[in-house]
Amino acid sequence: NLASSPASLAAGWWVRVCRSETNALLASLAILIASVTVVPLLGPVWLLGLSMICFGFALGVSLPLLLTMLSRGISPDEQ
C-alpha cells in the first residue's frame, strides 16, 4: 500500500500528536476500523480510494507502534 510505507516513518510524529504511544495506537486502530466499516456506505470510487488511504496510513502507523510497545514489555532476557 502506498500510504502505509510513508506512514510507518511518521509513527514518531503520530505519537507526538496523540501525546502517548497508547493513545496513538488506539487512535490508529480506530481509524483502521472506521475506514473498513464505512466501505459499504461509499459509492464513488474516489471515496473508496480515500478510505483505503486512511486504512493504509493507520496500518502503517499502528504496526511499528505495536512492535515497539511489545518489545518494551518483554525483558531482554526473554526476547
Side-chain angles (χ1 to χ4, degrees):
N1 193 336
L2 293 175
S4 61
S5 297
S8 64
L9 299 174
W13 170 81
W14 186 248
V15 170
R16 285 192 301 276
V17 167
C18 294
R19 295 192 175 103
S20 76
E21 288 180 347
T22 304
N23 289 344
L25 183 62
L26 291 175
S28 64
L29 290 176
I31 294 170
L32 261 165
I33 292 168
S35 64
V36 171
T37 303
V38 299
V39 166
L41 305 174
L42 302 176
V45 174
W46 68 271
L47 283 176
L48 291 170
L50 184 63
S51 176
M52 290 302 104
I53 289 172
C54 291
F55 177 81
F57 172 80
L59 185 66
V61 168
S62 65
L63 289 178
L65 284 175
L66 185 61
L67 292 174
T68 300
M69 291 173 75
L70 285 173
S71 67
R72 287 186 185 163
I74 299 172
S75 68
D77 296 334
E78 294 178 4
Q79 287 185 4

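By the rule that hydrophobic residues join a cluster once side-chain heavy atoms approach within less than 4.5 Å of another member, Val39 and Ile33 end up as members of separate clusters. There is a path of hydrophobic side-chain contacts, each under 4.5 Å, that joins Leu66 to Val17. Leu67 and Val61 fall into different hydrophobic clusters, where Ile, Leu, Val, Met, Phe, Trp and Tyr residues are linked whenever their side-chain heavy atoms come under 4.5 Å apart, directly or through other members. Linking Ile, Leu, Val, Met, Phe, Trp and Tyr residues whenever their side-chain heavy atoms come within less than 4.5 Å places Ile31 and Met69 in a single cluster. Under the 4.5 Å side-chain contact rule for hydrophobic residues, Leu63 and Trp13 share a cluster.
With respect to Trp14, the side-chain contact (heavy atoms from CB on, under 4.5 Å) criterion is satisfied by exactly one of Leu65, Asn23, Leu25: Leu65.
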Hey, can you pull the donor-acceptor pairs under 3.5 Å for the side chains in residues 41-60, sequence neighbours left out?
from  : atom 1 : to    : atom 2 : distance (Å)
Ser51 : OG     : Ser35 : O      : 2.5

